[in-house]
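Only one structure is covered here, and it is reproduced in the block below.
For the single chain, residues carry numbers from 1 onward in sequence order. What's counted below: heavy atoms across the whole structure, side chains too, no hydrogens, waters or symmetry copies. All ligand and atom numbering here is 1-based and tracks the order in the structure. Quick caveat: nothing in here was measured; it's all calculated off a predicted structure.
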Amino acid sequence: MIVGAGGHIDHGKTALIKALTGVDGDRLKEEKARGITIDLGFAYLPVEGGRMVGFVDVPGHERFVHTMVAGASGIDFALLAVAADDGVKPQTLEHLAIIDLLGVKRGLVALTKTDLVGSERLASVAGEIRAAAIGTMLERADIVPVSALTGQGVDELRARLVAHAADTGERSEEARFRLAVDRVFTLPGVGVVVTGAVLSGSVRVGDRVAISPSGLRARVRSLHTQNRPAETARAGERCALNLADQGVSKEAIQRGDMALDPELHAPTDRIDARLRLLPGEAKPIGQWFPVRLHHAAAEVGAHIVLLGDDPIQPGESADVQLALDRPIAAAVPDRYIIRDASAQRTIGGGQFIDLRPPARRRRTPERRAQREAMAIADPYAAFAALLSTPPFAWDLVAFARDRALSAAHTHRLAGKLGLVLLQSGPSTISVSPERWRIFASSLMEELARYHAENPDQQGIGRERLRLMLQPRLPAPVFVVALQKAVLNGELVLDGSFVRLAAHTAHLAPQDEDAWSTIAPLLGGAERFRPPRVRDIAETTGRQERDVRRLLKLAGRMGWADEVAHDHFFLRAAVREMTSIVADVAAQVEGGAFGAAQFRDRVANGRKVAIQILDFFDRHGMTLRKGDLRKVNRHRLDLFGPLTLSAEAVGGESSLVGRSDFKSEWGSEPVSGGFDSRSPSPVVQRAGSARPTRPPQPDRRTRPVR
Ligand SMILES: Nc1nc2c(ncn2[C@@H]2O[C@H](COP(=O)(O)OP(=O)(O)OP(=O)(O)O)[C@@H](O)[C@H]2O)c(=O)[nH]1
Ligand SMILES: [Mg+2]
């Protein structure tokens, strides 16, 4: 148990701790000379069973309230000293308010210097204390009269503290390690030492820690708890860590830093929080109100962003956004205190709710619902509530980190809530089982409906599908979600298209009939110079418009390609011509061939041969410079798998990859608006190729279909 002293200046805190423990907390020369406490003092009282009660002595001087707050963070028990001769004074009240706002649940009042007054005075000061404590955690606390000078009441006070220590439950060690650094110094022969209260988790000799917010990494070379060497320090203990590593120095770490499990290092400068304004404040808090924010041992300038419409009145509580001047290492639901900008008085305080709130759209009903969920102390209940607020998909890793939950705890949470986890990069997006069922069934329904409405389409575009569904998952997470369904065998990812596993694209029966009469016209001996739309219309006695529509449909089915305007080739013929091109390139020195060489192989007229090559150019399969072309081997299988001659495959000189192309030919290859991942190319009019588009850098690493 850690006991934190509090109370007005000169009310006998230091003297009392010395009487209780034998340790004088005032160790600084200046403290001795002035007879006041300036910095935090620490003392330990061994109790039965080898345990220790730790004491944090704090200054009572109004100028050092920030130090008091640093000392009071992480304490279990408050010991408020009120001098019998002086009575309740400003810092009696301020320290009491701070202890109360910090959420310290237990404590008692030491009515000190009883040797200086009579029993009547004692009774009246006790009355003052009772009145001051109304509405605070000390409202019903014991008031124990003591004198550090005569020793009266000291044994009894000590006995009470020891009794309280015995029923202090162990704090959860399961959370990840966090220590609020309140002192940094170097010891000769030892090196850098930081001390502070272990706020959560535990640390062992040899562990690695991060110093946050700086991010400095260090190794725990040795440690002390309660002034004695130890192997492990746990939540609820005060400890000293001897840190070592590159960059670790007394200057690199300071009071207010947090030494923590490196997984937790994620400082923030914007926090949504619940704020209570003290009832004694004269004025309400308005928009962008400047304050000093105290969190654990850290102090930082901040502004209050109101999330409601009205200013916060004295005595009221409200949710606010805290915009900090610099990042701090925080966790939910940590307590904090705010003081006025000139550090004259304590104004209020509360608890952190969300460490990553949005800077915009922070007053929407969705945001309010999210905040309500995040304000729940129990992590299970909080995450369950969060998952039922938009966007219904939340990162469990970030949630666990911001609450300092251990890996085991997080794992149990996922199990207990039956979460569906979608792993994407460093995040684990989680969806509740109910939401997942809704998502999966609407996914199947949307696909089935799309297939019914578009039987001749191979599938629906992935992005379009994503935007149709709730929860609307981020694109990378959506892919992971789809893959889950793929694993179940329910759907198929076809490049950037998604379809039900059972779906195959097919034409309407009358189109099917028409195609069976037209397709033969495009094949056979004339496959490299098939008839154009108008010729087919004439031959078959159909409308030109009809023929065009049908051929476009065949294009979408991947059966034909529009090589030039109104000039369709069967996909098989295009594939054959691809092999020919590769072969032609392989035959010539340097792989650069002319149109005539290709024309001879397909026995075509020059015009058609060039249209075919232009078509290949547009798809980036051939790369043209002047009258010569090379083949881009990464795109050779654009129209389906090829059987290539050994020369064409191995002929490095004849086939260039994208990467070699630029240096060799001095320009980027043309990409004609064709999505290499889609099996059905976007057909363009011949001679109207779109402007050159630089190749997407990631295309190179992707298999080309
Ligand atoms: N007569 C009498 N004097 C006391 C008693 N306790 C403390 N004092 C005296 O009161 C003065 C202040 O005592 P401290 O213990 O330093 O007071 P403090 O609350 O620690 O003061 P700060 O840390 O500066 O806020 C000293 O001169 C003490 O000797 C007591 O029980 N009886
Ligand atoms: Mg003192």
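Taking only nitrogen or oxygen atoms, main chain and side chain alike, Thr14 reaches within less than 3.5 Å of ligand 1. Polar contact with ligand 1: absent for Leu16 (N/O pair, distance under 3.5 Å).
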Would you be so kind as to tabulate the donor-acceptor pairs closer than 3.5 Å made by side chains of residues 303-314, with sequence neighbours excluded?
{"from": "Asp309", "atom 1": "OD1", "to": "Arg363", "atom 2": "NH2", "distance (Å)": "2.5"}

Distance-only donor-acceptor hits, side chain of residues 323-331, under 3.5 Å, sequence neighbours excluded:
{"from": "Arg326", "atom 1": "NH2", "to": "Glu299", "atom 2": "O", "distance (Å)": "3.0"}

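Nearest approach of Ala72 to Ile75, heavy atoms of both residues: O-CG1, 3.1 Å. The minimum heavy-atom distance between Asp115 and Ser147, with the atom names listed, is OD1-OG, 2.6 Å.
Protein heavy atom nearest atom 12 (C) of ligand 1, with residue, atom name and distance: Asp10 OD1, 3.2 Å. Remark: minimum distance from atom 16 (O) of ligand 1 to any protein heavy atom is reached at Gly35 O, 3.8 Å. The protein atom (non-hydrogen) at minimum distance from atom 17 (O) of ligand 1 is Gly12 N, 3.2 Å. Atom 7 (C) of ligand 1 has as its closest protein heavy atom Ala15 CB, 3.4 Å. Protein heavy atom closest to atom 23 (O) of ligand 1, with residue, atom name and distance, is Thr37 OG1, 2.6 Å. Among all protein heavy atoms, the one lying closest to atom 30 (C) of ligand 1 is Lys113 CG, 3.5 Å. Looking at atom 18 (P) of ligand 1, its nearest protein heavy atom turns out to be Lys13 N, 3.5 Å. Of the protein's non-hydrogen atoms, Asp115 OD1, 2.9 Å is the one closest to atom 32 (N) of ligand 1.
Of all the heavy atoms of Leu116, the ones lying under 4.0 Å from any atom of ligand 1 belong exclusively to the side chain.
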### Message
Could you go through Asp182 and Thr195, starting from their C-alpha distance and side-chain angles, then the distance that decides it, and tell me whether this counts as side chain to side chain donor-acceptor pair (under 3.5 Å)?
### Response
CA-CA 6 Å; Asp182 51 32; Thr195 71; 2.9 Å; yes
### Thr14/Thr37 under side chain to side chain donor-acceptor pair (under 3.5 Å): CA gap, chis, key distance, verdict
CA-CA 8 Å; Thr14 304; Thr37 303; 2.8 Å; yes
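Atoms of ligand 1 found under 4.0 Å from any heavy atom of Ala148 (numbered from 1 in listed order, with element): 6 (N), 30 (C), 31 (O). Applying the 4.0 Å criterion to heavy atoms of Ser147 picks out, from ligand 1, the atoms 31 (O). Per-residue contacts place Ile36 under 4.0 angstrom from the following atoms of ligand 1 (heavy atoms of the residue considered): 24 (O). The contact set between ligand 1 and Leu149, taken as ligand atoms under 4.0 Å from a residue heavy atom, comprises 1 (N), 30 (C), 31 (O), 32 (N).
In this structure, Ala81 falls outside the shell of residues with a heavy atom less than 4.0 angstrom from ligand 1. In this structure, Thr112 has no heavy atom closer than 4.0 Å to ligand 1.
If you check the side chains of Asp86 and His8, you find no donor sitting under 3.5 Å from an acceptor.
The pair Asp207-Arg204 does not meet the salt-bridge criterion, since no charged nitrogen lies less than 4.0 angstrom from a carboxylate oxygen. The residues Arg371 and Asp272 are annotated as salt-bridged, a charged nitrogen and a carboxylate oxygen being separated by less than 4.0 angstrom. Using a 4.0 Å cut-off between charged nitrogen and carboxylate oxygen, Asp76 and Arg106 do not count as a salt-bridge pair. Between Arg160 and Glu156 a salt bridge is recorded (basic side-chain N to carboxylate O distance below 4.0 Å). With salt bridges taken as basic N to acidic carboxylate O contacts below 4.0 Å, none links Arg339 and Glu62.
Aromatic rings of Phe42 and Phe55 (six-membered ring for Trp) have centroids beyond the 6.0 Å cut-off, not under it.
Protein heavy atoms are found less than 4.0 angstrom from atom 14 (P) of ligand 1. Using a 4.0 Å threshold on non-hydrogen atoms, atom 28 (C) of ligand 1 does not count as touching the protein.
Within the sub-2.8 Å shell of the Mg ion (ligand 2), the protein contributes these N/O/S atoms: Thr14 OG1, Thr37 OG1.
In this structure, Arg403 CZ and Leu355 CG are separated by 9.5 Å, a value rounded to the nearest 0.5 Å.
Every residue two or more places apart in sequence or in another chain was checked for a ring-ring contact (aromatic ring centres under 6.0 Å, His included) with Phe177, and none qualifies.
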